[in-house]
Amino acid sequence: MLKKFGYFFVLISVILAAVPAIAEDEALMDFEEIAITDSSDADITTEFVELNGDADVASVAAFDIAGIMLGMQFEDVQTLFFKNHGLYTPRKKDSIIYTLHNDWKANLDYECRARGIVATNDMEKCINSLARNRGLLYASELHLLRENTGEKIIVYFTSNATDNRVWRVIYTNDVNEQEGLAEKFEKQRENKILAFWQSVLDKYGAPNSGTDKWISSTNSYDPMMTAYYGKLDLVDNGRYASDQSKNIQQARENFKAKPYAF
């Protein structure tokens, strides 16, 4: 009997030793419940901007779209729209998108391979689990909508390296759309655009750069807002660039290379 128990104990020990190291991390997270995307180069505008004649700089950093301002932390924005019942609500599927910076993903890929993980699905789970547990997986987008008017808002956030803060807010509506080609539809479209533009001027004042931009300075990496037909783009390119730079630097410093000795 003791001999059989000894064999059984050895067998259990072998099985436990064969379990991939990722198991303890994977158990902490349900990957089916969230949408995860790779980070990509953002479509940021860094073209030259200048002030209109006799215009002054605008306090774009204090502008808001539906209460969302540049620099707000993700938790504050989430509370604003998930716990309070306002005009906007999160879209039904994947309202929050999570992202892992590409440089960190390369680090974790290397680390997971060192653990002996090579299968595609297992590799993805390993990378995402390590990223989540180390605070590298962050909420990068929040999608909101107002169903009765067709308005939509996408909020973009920096990574946890820079406190997961708003760096861009894009608002869209349907004023530039028309139902048909008849003259009456074109007239309705023009009236919708006019009403929208008047509301923009009432809230933010006249553009101080060209006919469609509000700028904090002539440096395009400072906060600015651009208005289009049925769209507003509030952005802080400098905040985004700083976040990218910090991730690249920290990923390089924390790359877990093999312990070479020579």
key: S95 to R91 - nearest heavy-atom pair and separation   = CB-O, 3.3 Å
task = Using modelled atom types only, decide if a donor and an acceptor are shared between the side chain of S242 and the backbone of G238 within a distance under 3.5 Å.
result = yes
request  = Find the distance between NZ (K213) and OG (S220) and round it off to the nearest 0.5 Å.
outcome  = 10.0 Å
query = Does Q73 reach the main-chain N or O of E75 with its side chain, forming a donor-acceptor pair under 3.5 Å?
reply = no
inquiry  = Please verify the inter-ring angle class for F157 with F74; under 30° counts as parallel, over 60° as perpendicular, anything in between as tilted.
reply    = perpendicular
task = Decide whether L145 and L234 are clustered together by the hydrophobic rule: side chain heavy atoms of Ile, Leu, Val, Met, Phe, Trp, Tyr closer than 4.5 Å, transitively.
result = no
query = Under a 4.0 Å N-O cut-off, is there an ion pair linking R252 with D103?
reply = no
ask   = Any idea which heavy atoms bring I96 and A139 closest together, and the distance?
value = CG2-CB, 3.9 Å
ask   = Can you tell me how far CZ of R115 sits from CE of M123, rounded to the nearest 0.5 angstrom?
value = 10.5 Å
message = Looking at Y204 and D64, would you say the former's side chain and the latter's main chain have a donor-acceptor pair under 3.5 Å?
response = yes
inquiry  = Measuring from atom CE of M225 to atom CG of N208, what distance do you get when rounded to the nearest 0.5 angstrom?
reply    = 10.0 Å
query = Would you say K256's side chain and E111's backbone share a donor-acceptor pair under 3.5 angstrom?
reply = no
ask   = What's the spacing between K231 NZ and F196 CZ if we round to 0.5 Å?
value = 11.0 Å
ask   = Do the side chain of S217 and the main chain of N219 share a donor and acceptor less than 3.5 angstrom apart?
value = yes
query = Quick one: CG on L87 to CG on L144, what's the gap to the nearest 0.5 Å?
reply = 11.5 Å
message = Checking the side chain of T211 only, and the main-chain atoms of P207 only, is there a donor and an acceptor separated by less than 3.5 Å?
response = no
message = Is the distance between the ring centroids of Y110 and F255 under 6.0 Å?
response = yes
message = Applying a strict under-4.5 Å side-chain criterion to I, L, V, M, F, W and Y, I'd like to know whether M69 and L142 cluster together.
response = yes
message = Can you confirm whether or not the ring centre of Y98 sits under 6.0 Å from the ring centre of Y138?
response = no
key: Rounded distance (nearest 0.5 Å) linking atom CG of L130 with atom CG of N107   = 11.0 Å
ask   = Is there a side-chain contact between I170 and I153, using heavy atoms and a 4.5 Å cut-off?
value = no
Flag side-chain contact, heavy atom, 4.5 Å: I215 against D222 = no
inquiry  = Given 3.5 Å as the limit, does a donor-acceptor pair link the side chain of K192 with the main chain of E177, or not?
reply    = yes
query = So, for W214 and A227, which heavy atoms are closest and what is the spacing to 0.1 Å?
reply = CZ3-CB, 3.7 Å
Under 3.5 Å side-chain donor-acceptor pair for D243 and W167 = no
query = So, do N247 and S159 sit near enough that their side-chain heavy atoms are less than 4.5 Å apart?
reply = yes
query = Are K184 and E179 within salt-bridge range, i.e. N to O under 4.0 Å?
reply = no
message = Could you check whether any side-chain N or O of N164 sits under 3.5 Å from a backbone N or O of N160, counting only pairs where one atom can act as donor and the other as acceptor?
response = no
ask   = Taking NZ, NE, NH1 and NH2 as the nitrogens, is one of them in R113 or D109 under 4.0 Å from a carboxylate oxygen of the other?
value = yes
